[in-house]
Amino acid sequence: MPELPEVETIARDLSSVLLGQKVRKAEFLNSSIMENGGYLSANVLENKRLMAIGRRGKNLLFYFSENLAMVIHLKMTGRLILDKLGPDSDKHLHFHIQFENHRLYFYDVRKFGRIGIFEKQALKNHPRLSKLGPEPFAIDASEFARIIKNRNKAVKLILLDQQVVAGIGNIYADESLFDAGIRPDARPPRISVKRLKRLHKSVVKVLKKAISRRGSSVDDYLDGFGKSGQFQKLIKVYGRHGEDCPKCGTLLKRIVLGGRSSHYCPKCQH
DNA sequence: GACAACCTGACC
DNA sequence: GGTCAGGTTGTC
């Protein structure tokens with residue numbers, strides 16, 4: 001479910017209340033959401049202090065004292081919510097941490113989300129993290145165009161590839177391509193460098209605006225306090241096939257690329 | 001590349 | 001009954 005703006009919002013929400021607090025208790029209620037491969041059990045976090053919370057792509061990173069780290073990926077329907085139980089029923093609660101003054105709950109209806117706890121130095125060997133491409137904000141338009149230009153597949157699929165650029169998902173790929181006026185199935189070798197640079201500008205603009213609106217609550221997403229985001233009100237094409245293009249009035253189309261729905265305006269995007 | 005798998009729920 | 005869903009990974 002959550003993409004970069006949603007994960008960033010959650011990281012900031014949790015930071016604002018949890019930093020510096022000591023863990024009283026941490027436990028998995030459902031071990032199927034533990035990441036595979038040599039990770040530590042939750043009780044190693046007990047009596048450790050939360051030092052920082054970060055984000056890399058769509059991954060949340062928690063850093064504890066004594067060189068312990070926790071990586072959480074929310075996948076499609078994972079939620080991290082402070083204090084109040086719900087709105088999911090308890091059967092979807094799979095993990096929780098009790099801090100000195102707050103509790104953090106992990107819910108996931110579909111159980112795709114994963115939590116891994118390990119020594120900090122193991123981060124650099126993490127099978128997913130270690131392969132992530134750069135953050136979209138960390139590169140300039142020229143670098144972005146250079147990374148994209150010679151890849152001969154649909155530009156939408158390249159935006160979704162976490163090893164090329166980290167953090168973009170289905171909503172923000174479609175919204176960025178609409179903003180840049182590029183069809184999702186266009187292939188970069190046939191797109192001018194100028195337009196690829198423009199795409200970077202659109203990606204940054206869309207992601208920053210979505211962060212400022214605390215993410216998109218299209219379906220399941222809730223922030224760290226259990227509240228909806230607001231960016232779904234500003235979505236122009238994602239999920240709107242059959243509606244009129246907000247720019248030109250043409251009927252928006254839906255095509256499937258890499259098994260993912262892609263929404264665009266056949267007139268504004270080429 | 002396309003497709004299935006991992007899961008559950010919403011909607012038609 | 002079938003289709004679809006913000007993600008990622010593995011297999012023909």
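The figures that follow rest on heavy atoms only: side chains count, while hydrogens, waters and symmetry mates do not. In what follows, every chain begins at residue 1, and chains take the letters A, B, ... in the order their sequences are listed.
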Mind checking Arg114(A) for me? I need base, sugar-phosphate or nothing, with any heavy atom below 4.0 Å counting as a touch.
-> nothing
Mind checking Arg187(A) for me? I need base, sugar-phosphate or nothing, with any heavy atom below 4.0 Å counting as a touch.
-> sugar-phosphate
Rounded distance in Å between the P positions of dG9(B) and dT8(C) = 23 Å
Check every strand shown and say whether Tyr238(A) touches a base, only sugar-phosphate, or nothing at a heavy-atom separation below 4.0 Å.
-> sugar-phosphate
Whole-Å distance between dC6(B) P and Lys75(A) NZ?
-> 13 Å
In terms of the angle between their ring planes, are His96(A) and Tyr105(A) parallel, tilted or perpendicular, with boundaries placed at 30° and 60°?
-> parallel
Does Tyr221(A) reach the side chain of Thr9(A), with side-chain heavy atoms less than 4.5 Å apart?
-> yes
Between dA10(B) (P) and Tyr221(A) (OH): distance, integer Å = 21 Å
Quick one: sort the Phe62(A) and Phe64(A) rings into parallel, tilted or perpendicular, breaks at 30° and 60°.
-> parallel
Reckon Ser261(A) touches a base, only the sugar-phosphate, or nothing at all at heavy-atom distances under 4.0 Å?
-> sugar-phosphate
Measure from NZ on Lys156(A) to P on dG7(C) and round the result to the nearest Å.
-> 9 Å
Who is the Watson-Crick or G-U wobble partner of dT11(C), with both distances under 3.5 Å?
-> dA2(B)
Determine the Euclidean distance between corresponding P atoms of dG2(C) and dA4(B); express it in Å to zero decimal places.
-> 14 Å
Closest listed nucleotide, where the reference is the side chain of Arg110(A) and the choices are dG9(B), dG7(C), dA5(C) | dA5(C)
Leu129(A) CG to dT9(C) P, straight-line distance once rounded to whole Å = 10 Å
Polar side chain donor-acceptor pair, Ser130(A) to Lys124(A), under 3.5 angstrom | no
Taking NE2 from His73(A) and C1' from dT8(C), how many angstroms apart are they, rounded to a whole number?
-> 7 Å
State whether Arg254(A) places a side-chain N or O below 4.0 Å from either non-bridging phosphate oxygen (OP1 or OP2) of dT3(C).
-> no
Ignoring backbone atoms, establish whether His92(A) has a side-chain N or O less than 4.0 Å from OP1 or OP2 of dG9(B).
-> yes
Please give, in whole Å, the distance from dT8(C) C1' to Leu157(A) CG?
-> 14 Å
Are any non-hydrogen side-chain atoms of Ile72(A) and Arg114(A) less than 4.5 angstrom apart?
-> no
Under-4.0 Å side-chain N/O to phosphate OP1/OP2 contact, Gln162(A) with dG7(C) | no
Same-atom distance (P) from dA2(B) to dC4(C), integer angstrom | 15 Å
Verify the contact: side-chain N or O of Lys58(A) to OP1 or OP2 of dG7(C), cut-off strictly under 4.0 Å; return yes or no.
-> yes
Any side-chain N or O of Lys91(A) less than 4.0 Å from the OP1 or OP2 oxygen of dG9(B)?
-> yes
Between dC4(C) (P) and Ile171(A) (CD1): distance, integer Å | 18 Å
So, Glu35(A) versus His126(A): side-chain donor-acceptor pair below 3.5 Å or not?
-> yes
Mind checking the C1' distance from dG1(C) to dC6(B)? Whole angstroms is fine.
-> 22 Å
Looking only at side-chain atoms of Lys111(A), point me to the closest of dG9(B), dG7(C), dC7(B).
-> dC7(B)
Describe the nucleic acid contact of Gly169(A) in one word from base, sugar-phosphate, nothing, applying a heavy-atom distance below 4.0 Å.
-> sugar-phosphate
If we require ring centres under 5.5 Å and near-parallel planes under 30°, does Phe112(A) stack on dC6(B)?
-> yes
dC7(B) C1' sits how many Å from Arg79(A) CZ, rounded?
-> 15 Å
